[in-house]
Amino acid sequence: MLKRIPHTYTIICSVILFCAILSWIVPAGEYNRQKILVEGKERTVIVDHSFHAVDKTPQTWQVFSALLNGFEKQAGIIAFLLIIGGAFQVMNSSRAIDAGIFSFLSVTRRFEKYRLIRWLGVDNVVISSVIILFSTFGAVFGMSEETLAFVIIIVPLAISMGYDSIVGLCMVYVAAHIGFSGAVLNPFTIGIAQGLSDIPLFSGFEYRLVCWFILTSLLIFIVLRYAARIKHHPEKSPMYKADAYWRNKGEYTAAQLNYKTTTSAWVVYFLILIALALFSYFYPVSVFKLGEHSVNAYAVPFCSILFVLFAWFGLRKSNHFFILTLLAFTVVFLIIGVMAHGWYLAEISAIFLAMGILAGFANNQKTDGIIKEFLTGAKDMLSAAIVVGLAGGIIQILQDGHVIDPILHSLASLMGETGKLVSLSVMYLIQTLINLIIPSGSAKAALTMPIMAPFSDVIGISRQATVMAFQFGDGFTNMITPTSAILMGALGIARIPYEIWIRWFWRILVCFIILGMLLLIPTIYIPLNGF
């Protein structure tokens with residue numbers, strides 16, 4: 001019988017203490033760094049052969065300031081979590097998402113009349129489609145932080161379909177990070193790593209696409225197998241008791257929802273039309289970049305026209321469907337903003353905050369009522385925010401203790417004079433281990449690629465293979481490392497304790513790490529386009 005795993009806070013605080021102890025044991029050192037331009041953007045990279053010893057800075061009382069330092073370091077993510085929690089609570093108070101789930105489940109059941117869909121299983125098709133969608137987002141534009149906004153939508157959907165919060169989290173967060181691992185055009189990992197390695201941007205596209213397909217297919221197989229077991233035996237879910245929170249929120253039927261359209265919803269509709277007209281005027285053309293190619297499109301004006309039409313039909317039905325349309329087009333404009341206009345946390349949180357406020361007014365709520373609901377939602381995110389702050393504190397202790405660079409230098413020296421396969425395996429191992437303490441793909445690329453890329457020339461491995469070792473090592477352990485603010489945020493939103501997630505996910509992680517190594521082997525022995 002497995003012993004009880006400690007609380008999430010206990011685990012992370014223990015990691016902080018361990019990192020502080022390392023600052024006393026590990027000889028302090030650091031690399032010199034310089035700034036260079038990569039894809040027109042300034043990046044900080046390590047100077048070759050610049051590692052040198054520095055004075056030790058053992059961490060003592062700093063462990064108690066780790067939470068504050070972590071909050072400062074991860075302030076963007078923490079504020080984003082609080083805003084998302086508040087905005088969606090305002091929307092949830094309208095019961096619009098519940099109405100959408102009821103409507104969605106009703107529509108999907110109609111597909112059971114088709115023999116193929118019935119044979120595949122409607123739920124299986126839905127789960128697979130959502131996983132493919134978010135895996136594609138991860139592979140193409142590096143969706144990561146953005147998944148937090150979708151976890152709060154997909155988890156209740158998974159619960160309503162008869163599954164658990166783990167299935168919901170896999171459909172969104174895990175799917176996006178598997179796509180991140182098998183990235184095809186991700187500018188934050190592939191783009192930076194290839195730029196720092198002096199190889200053509202997004203070259204080797206074909207084999208990366210094959211890897212993405214294999215990784216995503218494995219995830220679908222794993223999730224569907226687990227989902228089928230939970231569907232038949234819900235009590236076997238490690239989240240069965242904890243998911244009572246989500247089940248209790250859905251303890252009413254579609255008939256209990258008050259479907260009506262209020263005057264305030266029409267007022268909100270016309271205010272949005274004015275805003276969209278202004279946005280269409282100032283941003284008529286959106287430039288979507290896919291690899292070295294770019295596509296110009298009238299995305300904002302076109303989607304604004306679509307919103308006018310769909311929102312009109314939504315208002316004809318009820319406030320709920322108008323608010324659902326508002327949510328759907330918030331997501332559409334989010335994708336446009338991220339892919340074509342360089343949006344990040346500030347813009348994403350702004351659009352969701354606006355969505356929440358407008359949804360509240362459309363539901364005929366007063367200002368005080370909207371504020372009350374917002375504070376309730378933000379309060380629900382407080383636990384997740386503290387976890388994110390503690391995770392940021394781990395990185396701060398490692399940096400202040402000058403521990404990260406010596407570890408990197410020691411791991412890099414392991415490769416020594418070995419064969420190609422062993423050297424590539426060691427590179428993969430190094431990237432995987434480093435990702436446990438530096439979950440940022442961009443930061444890790446800047447740290448490791450200036451060292452790994454020249455070394456690959458010496459041992460006769462293509463730089464493309466080195467980049468793939470980086471991308472696999474960067475992606476898989478993102479889904480388990482306590483230093484990842486995104487993981488902690490996603491778990492907090494889904495209300496899945498970290499200790500339960502570790503116990504459930506570690507075997508799956510091992511499968512993906514082994515598969516990653518197998519996918520690296522052809523890059524050495526088989527001629528591949530771009531390698």
Side-chain angles (χ1 to χ4, degrees), residues 11-36 43-66 69-70 73-74 192-193 196-197 390-418 422-456 458-459 466 469-470 472-474 476-478 480-485 513:
I11 294 173
I12 298 178
C13 289
S14 299
V15 174
I16 291 175
L17 289 174
F18 176 73
C19 293
I21 293 171
L22 286 180
S23 69
W24 286 81
I25 299 172
V26 176
E30 64 182 15
Y31 287 99
N32 293 331
R33 288 166 170 80
Q34 63 181 357
K35 292 185 177 181
I36 64 172
R43 300 287 180 186
T44 301
V45 301
I46 286 175
V47 177
D48 291 343
H49 310 295
S50 65
F51 182 79
H52 59 279
V54 297
D55 293 335
K56 272 192 173 185
T57 52
Q59 301 295 288
T60 53
W61 61 269
Q62 289 87 349
V63 298
F64 296 104
S65 65
N69 292 332
K73 191 177 187 68
Q74 302 292 355
I192 294 174
L196 294 173
S197 301
L390 286 171
I394 295 173
I395 302 297
Q396 194 67 46
I397 291 291
L398 289 171
Q399 289 177 341
D400 293 346
H402 295 100
V403 174
I404 292 180
D405 283 6
I407 291 175
L408 174 62
H409 181 70
S410 299
L411 290 174
S413 65
L414 288 176
M415 288 182 284
E417 297 295 329
T418 59
V422 175
S423 294
L424 188 59
S425 301
V426 172
M427 285 184 182
Y428 179 37
L429 175 64
I430 289 172
Q431 297 288 5
T432 300
L433 292 175
I434 291 175
N435 198 55
L436 293 173
I437 55 177
I438 309 176
S440 169
S442 301
K444 190 157 61 276
L447 277 170
T448 61
M449 294 316 297
I451 298 173
M452 300 295 189
F455 182 78
S456 65
V458 175
I459 60 177
T466 305
F470 156 76
F472 288 157
D474 170 63
F476 297 139
T477 47
N478 273 337
I480 204 168
T481 174
T483 60
S484 171
I513 290 176

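Below, all heavy atoms of this structure are taken into account, side chains as well, without hydrogens, waters or symmetry copies. Index from 1, following the sequence.
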Q. For Phe472, which residues count as a ring-ring contact (aromatic ring centres under 6.0 Å, His included) partner, sequence neighbours excluded?
A. Phe476

Q. Who are the side-chain hydrogen bond (donor to acceptor under 3.5 Å, both in side chains) partners of Ser14, not counting sequence neighbours?
A. none

(Q) Under the rule for side chain to side chain contact (heavy atoms under 4.5 Å, CB included), what residues qualify as partners of Ala469, not counting sequence neighbours? (A) Leu424, Met427, Tyr428, Leu520

(Q) Which residues pass the side-chain hydrogen bond (donor to acceptor under 3.5 Å, both in side chains) test with Glu30, not counting sequence neighbours? (A) none

List, one per line, each side-chain donor-acceptor pair under 3.5 Å for residues 393-401, sequence neighbours excluded.
from, atom 1, to, atom 2, distance (Å)
Gln396, NE2, Asp400, OD1, 3.2
Gln396, NE2, Asp400, OD2, 3.3
Gln399, OE1, Lys73, NZ, 3.3

Q) Closest heavy-atom contact between Pro406 and Pro27? A) CG-O, 3.3 Å

Q | Short side-chain to backbone donor-acceptor contact, Asp474 and Phe470, under 3.5 Å | A | no

**Q.** Partners passing side-chain hydrogen bond (donor to acceptor under 3.5 Å, both in side chains) against Ser484 (at least two apart in sequence or in another chain)
**A.** none

Q.
Just to verify, what does Ala28 make a side chain to side chain contact (heavy atoms under 4.5 Å, CB included) with, not counting sequence neighbours?
A. Val54, Lys56, His402

Q | Pairwise distance OG1(Thr57) to CD(Gln62) - rounded to 0.5 angstrom | A | 8.0 Å

Quiz: residues 17-25 side-chain donor-acceptor pairs under 3.5 angstrom, not counting sequence neighbours:
from, atom 1, to, atom 2, distance (Å)
Ser23, OG, Ala20, O, 2.4
Ser23, OG, Gln59, N, 2.9
Trp24, NE1, Gln59, O, 3.3

